Amino acid sequence: MTDKAETRLFVEQDLAAGQSLVLSEDHAHFLKNVLRLKEGDVVAFFNGRDGEWYGRVEAMGKRQATAVIDTQSRQQEAEADIWLVFAPIKRARIDFLIEKATELGASSLLPVMTRRTNVERMNLDRLQAHAVEAAEQSERLTVPLVHEPQSLDALMASWDSSRNLMLCDETGTAPPIAEALADAASGAWATLIGPEGGFAEDELDGLRKLPFVRPVSLGPRILRADTAAIVALAVLQALRGEGPRRRS
Ligand code: SAM
C-alpha cells in the first residue's frame, strides 16, 4: 500500500494483514462526516500491541464503517516507563494535563487525593478519551491508562520501591531537577505533582522519608499544577535521552 494515511485511529481489535475491522459508531461518524473519507481511503490503526497498520475503508454506512487491514507501517516498540501521579485539578486544566502528559509519553496516569485536593469527582471516561485522542495525534503506539483515583497514602503504601518517584517540591528546599537526576534518569520513574494548594508540610515530610522518593525543584517560580506536570515530564524525557521522531 503506497498511499499515506493522514488519520490514525486507536482500536481494541487485533491487527494483522487481511483482518476486517468493524469500526465504532464514533469512528464511523468521524471518518464520514468530519473527515469526509470515502471507501478506499487509507487510515492508520494501532491498538497498543501490534504496532501500526494501514487499512482501507471498505464500506461506509450512516452509523457503521468497516475497514480491511493491509500493511504494517510501524512495529510495536517499547516506550518509556514513566507514570504521572497527580492531584486532580479543575476540568479544563485536567483535560489539558491528560492531553499533554500523553503527548509527552507518560505510560500511566494516576490521580491521587492529597490533603489539600479540592476536586473530588472526575469523569474518567472523558479523561481516557482525551488520552486516546492525544495518542492518535502524537503518533504514539500506546495509550496511557487513566486509573481510578486513590489516596496518596494508599498509593505510597503499595509502591514498588524499584520505581523512582520524582517529588515536585515547590518549597525551594529541593535540588534543581537537572542536578537531582543527573546520574539516575534511566529505569522506571514516576513524577508526583501536588494540588493547586500545594502539599501539606507533614505530607511533604512523610514523602521525603520514603527511600524511592527524589525531591526536585522545577525552578524558582511557582507553576500551576498542569504546567509543572509538563515541565517535569519533558525534562525527565530529555534527561533519559529520548531520541528524535522515528518514521516508518
Ligand atoms: N503551594 C503553592 C502555592 O500556593 O504557593 C502552589 C502549588 S502548585 C500550584 C501545584 C504543584 O505544582 C506543587 O505542589 C508542585 O508539585 C508543583 N510545582 C509548582 N511549582 C513548582 C516548582 N517550582 N518546583 C517544583 N514543583 C512545583
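Side chains are part of it too, since the values below use all heavy atoms of this structure and drop only hydrogens, waters and symmetry mates. Sequence positions, counted from 1, serve as the residue numbers for this chain. When a ligand or atom number is given, it counts from 1 through the structure's own listing order. These figures come from a predicted structure and were not determined experimentally.
For P175 against A180, the heavy-atom pair with the smallest separation is CG-CB, 3.9 Å.
A cation-pi geometry, defined here as NZ or CZ lying under 6.0 Å from the six-membered ring centre and within 45° of its normal, does not hold between R140 and F46.
Looking at L223 next to ligand 1, an N or O pair under 3.5 Å apart turns up. Below 3.5 Å of separation, one finds no N or O of P220 facing any N or O of ligand 1. Some N or O of R221 is nearer than 3.5 Å to an N or O of ligand 1, by distance alone. Of the N or O atoms in G194, one or more lie within a sub-3.5 Å distance of an N or O in ligand 1.
Contact analysis puts P195 in contact with ligand 1, with a non-hydrogen atom separation below 4.0 angstrom.
Scanning the protein for heavy atoms near atom 12 (O) of ligand 1, the closest one is A228 CB, 3.6 Å. Remark: minimum distance from atom 4 (O) of ligand 1 to any protein heavy atom is reached at E196 O, 3.9 Å. The single protein non-hydrogen atom nearest to atom 24 (N) of ligand 1 is L218 N, 2.9 Å, given as residue, atom name and distance. Of all protein heavy atoms, the one lying nearest to atom 16 (O) of ligand 1 is C168 O, 2.7 Å. Among protein heavy atoms, atom 3 (C) of ligand 1 sits closest to I222 CG2, 4.4 Å. Protein heavy atom at the shortest distance from atom 2 (C) of ligand 1 is E170 OE2, 3.5 Å.
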For the pair H147 and S108, evaluate side chain to side chain donor-acceptor pair (under 3.5 Å) and give the outcome as yes or no after the intermediate values.
-> CA-CA 8 Å; H147 290 250; S108 257; 3.3 Å; yes
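Inspection of the T114 and R116 side chains reveals no N or O donor paired with an N or O acceptor under 3.5 Å. For the residue pair D169 / T171, a side-chain donor-acceptor distance below 3.5 Å is found, with atom types taken as modelled. For the residue pair S138 / E103, no side-chain donor-acceptor distance below 3.5 Å is found, with atom types taken as modelled. A side-chain donor from one of S162 and D160 sits under 3.5 Å from a side-chain acceptor of the other.
Listed by number with element, the atoms of ligand 1 under 4.0 angstrom from any heavy atom of G198 are 1 (N), 7 (C), 14 (O). Near G197, meaning under 4.0 Å from one of its heavy atoms, ligand 1 places the atoms 1 (N). Close approach to F199 involves these atoms of ligand 1, each under 4.0 Å from a residue heavy atom: 14 (O), 16 (O).
Atom CG of L23 sits about 15.5 Å away from atom CZ of R63, to the nearest 0.5 Å.
Side-chain contact between L31 and M60 is present, with heavy atoms from C-beta onward closer than 4.5 Å. A heavy-atom distance below 4.5 Å is not found between the side chains of S107 and E79.
Only the backbone of D169 comes within 4.0 Å of ligand 1, counting heavy atoms alone; no side-chain atom from C-beta on gets that close.
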